[in-house]
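Below is one structure, written out as structure tokens, with a few remarks after it.
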Amino acid sequence: MLTGKQKRELRKLAHHLNPIYQVGKEGVSTNMLEGIEQALIKHELIKVKLLESCDEDIRVVALKISEYTKAEVAQIIGRTIVLYLYNKDGNIKV
């Protein structure tokens, strides 16, 4: 679990990032989850955007992604999810 201070730091680091994945009307697929997991392993900190065509609630999508990838949800703002996966190296590779 991330503390409030850690989440604030991650939000600050994620501010300039562009979303790597976009969730559309089909929702979150297994292929997308695998891709998000690989992106988290590579970058540690990523953004995922829900398009207007997505009917699912953003909190449900964030939960699905975090459960599959074992990542922490650092922030949900608007239709954007900021995800963090701890790297054993301890260096965020943004």
**Prompt:** Pick from V82, V73, T80, I65: which one makes a side chain to side chain contact (heavy atoms under 4.5 Å, CB included) with V48?
**Reply:** I65
**Request:** Could you check Q6, K12, K5 and say which one makes a side chain to side chain contact (heavy atoms under 4.5 Å, CB included) with R8?
**Result:** K5
**Item:** Residue D57 excluded, over 12 heavy atoms near CG under 6.0 Å
**Value:** yes
**Message:** Can you confirm whether I77 is buried at CD1, in the sense that more than 12 heavy atoms of other residues, nucleotides or ligands lie under 6.0 Å from that atom?
**Reply:** no
**Fill in**
Closest heavy-atom pair, L50 versus C54, reported as atoms and distance to 0.1 Å, is CD2-SG, 4.0 Å
**Message:** So which atom in K47 and which in L17 form the shortest heavy-atom distance, rounded to 0.1 Å?
**Reply:** NZ-O, 3.1 Å
Mind listing the side-chain donor-acceptor pairs of residues 19-41 below 3.5 Å, one per line with the distance, residues two or more places apart or on another chain?
unit_1: Y21; atom_1: OH; unit_2: G35; atom_2: O; d: 3.4
unit_1: S29; atom_1: OG; unit_2: M32; atom_2: N; d: 3.2

**Asked** Going through the distances and angles, do R59 and I76 end up as a side-chain contact (heavy atoms from CB on, under 4.5 Å)?
**Response** CA-CA 8 Å; R59 289 166 197 80; I76 296 175; 4.2 Å; yes
Please round to the nearest 0.5 Å and tell me the distance separating atom [atom1] of [X] and atom [atom2] of [Y].
| X | Y | atom1 | atom2 | result |
| --- | --- | --- | --- | --- |
| L85 | E72 | CG | CD | 9.0 Å |
| K49 | I58 | NZ | CD1 | 8.0 Å |
| E44 | Y86 | CD | OH | 8.5 Å |

**Fill in**
Sequence neighbours excluded, the answer for side chain to side chain contact (heavy atoms under 4.5 Å, CB included) partners of N18 is none
**Prompt:** If you measure from the Lys or Arg side-chain nitrogens to the Asp or Glu carboxylate oxygens, is any gap between R79 and E52 under 4.0 Å?
**Reply:** yes
**Message:** Do L10 and L2 make a side-chain contact, defined as non-hydrogen atoms from C-beta onward lying under 4.5 Å apart?
**Reply:** yes
